[in-house]
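Just so you know, these numbers come straight off a predicted model, no measurement behind them. Computed over heavy atoms, backbone and side chain alike; hydrogens, waters and symmetry mates excluded.
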Amino acid sequence: MDISCAFPPTVDTPDLVAYAEELGYRRAWIYDTPALQLDVWMTLALAAQRTSRIGLGPGVLIPNLRHVLVTASAIAQMEHLAPGRTAYAFGSGFTGRRALGQKPLKWADVAAYVTSLRALLRGEAVEVDGAMVAMLHADGQAPARPLSPPILIATGGPKGVAVACDLGDGVMASSPVAGFDWSVQLMFGTVIGDDEDLDSERVLRSAGPGAAVAYHGIYERNPDALDRLPGAAAWRDSIEAVDPSLRHLEVHRGHLTELNAHDRLALTGTLAAAISRSGTASQIRERLAASAAAGATEIAFQPAGDDLRAELRTFIEAAQG
């Protein structure tokens, strides 16, 4: 199994990617969350300039955020900067759209976008918004077409899996997806010392952001189902005290990077560790083995907390045994 990492696009991310390369991570995936962090493409370009081996790619791009020709041109730039070590994941949008107050895209729209993108990268013309468009880049202005980099589909259900089967080179998800030669599983949490206090602030800050996503996601999809999570009543009461027109902003504030004020009402270090499935080094290895058995071929670990370098180091040391 490949051990990769994932990051939000912040000012520190390019240097963290370079450090991940030193540690031996296979690939670095960068989120596309413009409501929360910086530009994914600029971050990837800077990371490409500071590295030479580690794989790079956006994970995941949200189609409606950019015209398909803009994405094709950005991919061409990355193919120039990091030839042979790129991959691109696309999805219907969780935080990338929910934080804008929008529902995820229809999978048919994702499929249409990826189909047009692949055609553009082959050098073909496609119809967009009633007009034909193509990559008109002259010799020397972009890598020659055709370009055929790997494209993954980020999915959490059967409709996305169907799109991945038709159009993707693999899948990305928060749980293992079987049946694909390339199946990336996002993983959160922290490596816990054998004698470490689970209710320490370090554990809470490192494991909490990954655990809080459960509250964010369930609330967005089915608020009543949130009741099955500990502390959900306090979390929901706090969120629903916010003006409805601004509520989606509060739900996703700090998403995957830090706990917001609402999250702290629900989560303790012990609870965060349990939900994120954090554990000791040996427990992390057991978790990785279980993911591999369930179909994952690559783990993308996203560190959180006050010392991201330490989180990267302890996770890969645990993974490698």
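- A donor-acceptor pair under 3.5 Å links the side-chain atoms of Arg285 to the main chain of Ala318, judged by distance alone.
- Of all the heavy atoms in Leu226 and Trp235, the pair that sits closest is CD2-CE3, 3.5 Å.
- Within the 4.5 Å cutoff, side-chain heavy atoms of Thr43 are placed close to those of Pro14.
- Using modelled atom types, one finds no donor on one side chain facing an acceptor on the other under 3.5 Å when comparing Thr268 with Thr270.
- The shortest distance between side-chain heavy atoms of Met135 and Glu124 does not fall below 4.5 Å.
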List the steps, then state whether salt bridge (Lys or Arg N to Asp or Glu O under 4.0 Å) holds for Arg264 with Glu201. CA-CA 11 Å; Arg264 281 187 171 270; Glu201 184 67 12; 2.7 Å; yes

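- One hydrophobic cluster, built from ILVMFWY side chains closer than 4.5 Å, holds both Leu105 and Val114.
- Applying the salt bridge (charged side-chain N to carboxylate O under 4.0 Å, His left out) rule to Arg236 yields the partners Asp224, Glu240; only residues at least two apart in sequence or on another chain are considered.
- Residue Leu267 is not grouped with residue Phe188 when hydrophobic side chains (ILVMFWY) are merged at heavy-atom distances under 4.5 angstrom, including chains of intermediate members.
- Taking the side chain as every heavy atom from C-beta outward, Thr13 and Leu38 never approach each other to under 4.5 Å.
- Hydrophobic clustering, defined by side-chain heavy atoms of Ile, Leu, Val, Met, Phe, Trp and Tyr closer than 4.5 Å, leaves Met132 isolated from every other such residue.
- In the hydrophobic clustering of this structure, Leu256 does not group with Leu204; members are Ile, Leu, Val, Met, Phe, Trp, Tyr whose side-chain heavy atoms approach within less than 4.5 Å, directly or through other members.
- Legend: residues meeting ring-ring contact (aromatic ring centres under 6.0 Å, His included) with His255, ordered by chain and number and at least two apart, are Phe94, His216, His252.
- At distances below 3.5 Å, not a single donor-acceptor pair connects side-chain atoms of Arg277 with backbone N or O atoms of Met187.
- Aromatic ring pairs are classed by plane angle as parallel below 30°, tilted from 30° to 60° and perpendicular above 60°; the pair Trp29 and Trp182 is tilted.
- Using modelled atom types, no side-chain atom of Arg26 and backbone atom of Gly24 make a donor-acceptor pair closer than 3.5 Å.
- Side-chain contact, Tyr88 with Thr71: no donor N or O sits under 3.5 Å from an acceptor N or O.
- A 6.0 Å sphere centred on CG of Asp227 holds more than 12 heavy atoms belonging to other residues, nucleotides or ligands.
- Contact detail for Ala319 and Leu288: the closest heavy-atom pair is CB-CD1, 3.5 Å.
- Between Thr257 and Thr10 there is no side-chain heavy-atom pair separated by less than 4.5 Å.
- Nearest heavy atom pair, residue Asp39 against residue Trp41, reads OD2-N, 3.1 Å.
- Partners of Tyr31 under the ring-ring contact (aromatic ring centres under 6.0 Å, His included) rule, at least two apart in sequence or in another chain, do not exist in this structure.
- Side-chain contact of Ser245 with Asp243: a donor-acceptor pair under 3.5 Å is present, judged by distance alone.
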Does Asp169 form a salt bridge (Lys or Arg N to Asp or Glu O under 4.0 Å) with Arg118? I'd like the steps, not just the answer. CA-CA 12 Å; Asp169 297 296; Arg118 284 196 181 276; 3.0 Å; yes

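- The 12-atom threshold is exceeded at NE2 of His67, counting heavy atoms of other residues, nucleotides or ligands nearer than 6.0 Å.
- What you find for Ala144 and Leu147 is that their closest heavy atoms are O-CD2, 3.6 Å.
- Summarising the geometry of Glu196 relative to Arg202, their closest heavy-atom pair is OE2-NE, 2.6 Å, with the distance given to 0.1 Å.
- Each of Leu23, Asp15, Asp12 was checked for a side-chain contact (heavy atoms from CB on, under 4.5 Å) with Arg309, and the lone residue meeting it is Asp15.
- Val171 belongs to a hydrophobic cluster whose other members, connected by ILVMFWY side-chain contacts under 4.5 Å either directly or through intermediates, are Val161, Val177, Phe180.
- Other residues, nucleotides and ligands place no more than 12 heavy atoms under 6.0 Å from the CG atom of Asp129.
- Here the closest non-hydrogen pair linking Gln302 and Ala6 is CG-O, 3.0 Å.
- For Glu250, the salt bridge (charged side-chain N to carboxylate O under 4.0 Å, His left out) partners are Arg253, not counting sequence neighbours.
- Without hydrogens or angle criteria, Arg97 side chain to Lys103 main chain gives a donor-acceptor distance under 3.5 Å.
- The main-chain N or O of Val40 is never found under 3.5 Å from a side-chain atom of Asp32 such that the two would form a donor-acceptor pair.
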